[in-house]
Amino acid sequence: SSFASQTYTARAAGFANDLAVQLLKLMDRKKTNLSIAADVTSKAELLQLADLLGPYICVFKTHIDILDDYDSSVPEALTALAEKHDFLIFEDRKFADIGSTVKAQYQSGVYKIASWAHITNAHPIPGEGIVHGLKEVGLPLKRGLLLLAEMSSKGTLAQGKYSMDTLAMAARNRDFVFGFIGQRRLPLDEPEKEDFLYLTPGVSMAQSGDSLGQQYRSPEQVVLESGCDVIIVGRAIYGAADPVAEAKKYQEAGWNAYLQRTRR
Ligand code: BMP
């Protein structure tokens, strides 16, 4: 597609959401399209990963509710590390309720996600009210939202018309929604009217899946063949004996695929 062949920086002008512009520029500046899925259960491990891997990533993805020892010092420390290493924080919350409920879940409760997460995401299943509810909280804070258009897991129901309707929902909310969690740029068969960012989990160079339905593809398949923009890598990096060495490998693989894709 025409957008996928352009550099991240060149594409920044086509986005209405400030955070998307920030992310696109930071990727070229740091030469990384790698996001780490930091699915660890202690705050010490989480912050250690953010500090160790920070130099190699554009986005630090959290599941804040899996921490056994969460307290409000965690987002504070994460925010400081995001500034130190120049990355964005993405809380992978996968909101999935009516607008009024997700608004409260985003703003309040133990985690107060909107107060620290630059990016969060939502399932489009409830209908567009979910976007409007999250937007009321997130837009004044200059946050950005991703919609789950597809999933990496075996048997996912998010496919076909559901994915295309997700794209349409995003297109009506470009001030807040700047992209997708997905497995490929949509649509692949007709010219895209508007640009979106695609962040893609289910990436490993060593495994083809896990025992619970996860399915993996390589950075080349994701970035080069499927036209996605950010590779999200979890266990393949933080589960390795040397996570820093592994992060460097994935950064290089993702970046080389991007360079190949944008070569004129
Ligand atoms: P791993 O690379 O260890 O399989 O982790 C993948 C991460 O991406 C997990 O945090 C998971 O919640 C997330 N994820 C996914 O695997 N597939 C999707 O379709 C959407 C996700 O957010």
Side-chain angles (χ1 to χ4, degrees), residues 32-42 45-46 49-50 53 56-68 70 78 87-96 102 111 113 117-125 130 134 144-160 162-163 166-167 170 177-186 196-223 226-243 246-247 249-251 253-254:
T32 179
N33 53 18
L34 172 64
S35 169
I36 173 80
D39 296 340
V40 292
T41 54
S42 82
E45 282 175 285
L46 185 78
L49 280 177
L53 305 182
Y56 314 104
I57 61 171
C58 57
V59 171
F60 189 78
K61 188 176 87 63
T62 56
H63 281 303
I64 205 70
D65 59 354
I66 67 176
L67 288 181
D68 287 322
Y70 176 86
L78 269 183
F87 61 73
L88 296 179
I89 306 168
F90 168 22
E91 165 57 18
D92 187 1
R93 173 61 178 77
K94 296 188 179 70
F95 292 103
V102 295
Y111 303 112
I113 293 164
H118 301 105
I119 305 167
T120 192
N121 57 355
H123 284 294
I125 188 100
I130 190 169
L134 293 170
L145 184 70
L146 301 170
L147 291 177
L148 284 113
E150 295 182 322
M151 293 194 73
S152 60
S153 40
K154 194 164 189 245
T156 175
L157 304 182
Q159 51 167 299
Y162 180 97
S163 306
T166 306
L167 179 62
V177 181
F178 67 90
F180 305 99
I181 297 299
Q183 296 294 307
R184 60 194 54 78
R185 280 192 84 84
L186 305 168
F196 287 102
L197 273 167
Y198 288 75
L199 285 72
T200 303
V203 177
S204 171
M205 297 194 273
Q207 308 288 324
S208 64
D210 68 9
S211 61
L212 297 171
Q214 177 67 297
Q215 305 177 115
Y216 290 120
R217 293 184 303 153
S218 69
E220 292 73 23
Q221 285 174 303
V222 167
V223 175
S226 301
C228 296
D229 300 302
V230 173
I231 54 169
I232 301 176
V233 185
R235 285 165 285 184
I237 291 179
Y238 71 76
D242 185 348
E246 218 56 28
K249 265 193 234 171
Y250 280 88
Q251 178 190 3

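Positions are given from 1 along the sequence. Atoms within a ligand are numbered from 1 in the order they appear, just like the ligands themselves.
- The existence of a salt bridge linking Arg93 and Asp65 is excluded, since no basic side-chain nitrogen approaches an acidic carboxylate oxygen closer than 4.0 Å.
- Checked against ring pair (Phe, Tyr, Trp, His ring centres under 6.0 Å), Tyr250 has no partners two or more places apart in sequence or in another chain.
- With sequence neighbours excluded, no residue forms a ring pair (Phe, Tyr, Trp, His ring centres under 6.0 Å) with Phe90.
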Below 3.5 Å only, please: the N or O atoms of ligand 1 paired with protein N or O atoms, distance on each line.
| unit_1 | atom_1 | unit_2 | atom_2 | d |
| --- | --- | --- | --- | --- |
| ligand 1 | 2 (O) | Gly234 | N | 2.9 |
| ligand 1 | 3 (O) | Arg235 | N | 2.8 |
| ligand 1 | 3 (O) | Arg235 | NE | 2.8 |
| ligand 1 | 4 (O) | Gln214 | NE2 | 3.0 |
| ligand 1 | 4 (O) | Tyr216 | OH | 2.6 |
| ligand 1 | 4 (O) | Arg235 | NH2 | 2.8 |
| ligand 1 | 10 (O) | Asp39 | OD1 | 3.4 |
| ligand 1 | 10 (O) | Asp39 | OD2 | 2.6 |
| ligand 1 | 10 (O) | Lys61 | NZ | 2.8 |
| ligand 1 | 10 (O) | His63 | NE2 | 3.1 |
| ligand 1 | 12 (O) | His63 | NE2 | 2.9 |
| ligand 1 | 16 (O) | Gln214 | NE2 | 2.8 |
| ligand 1 | 17 (N) | Ser152 | OG | 2.7 |
| ligand 1 | 19 (O) | Ser152 | N | 2.8 |
| ligand 1 | 22 (O) | Asp92 | OD2 | 2.9 |
| ligand 1 | 22 (O) | Lys94 | NZ | 2.6 |

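- At distances below 3.5 Å, at least one donor-acceptor pair connects side-chain atoms of Ser35 with backbone N or O atoms of Val59.
- With sequence neighbours excluded, no residue satisfies ring pair (Phe, Tyr, Trp, His ring centres under 6.0 Å) with Phe178.
- Atoms CD1 and CD1, from Ile36 and Ile231 in turn, are 10.0 Å apart once rounded to the nearest 0.5 Å.
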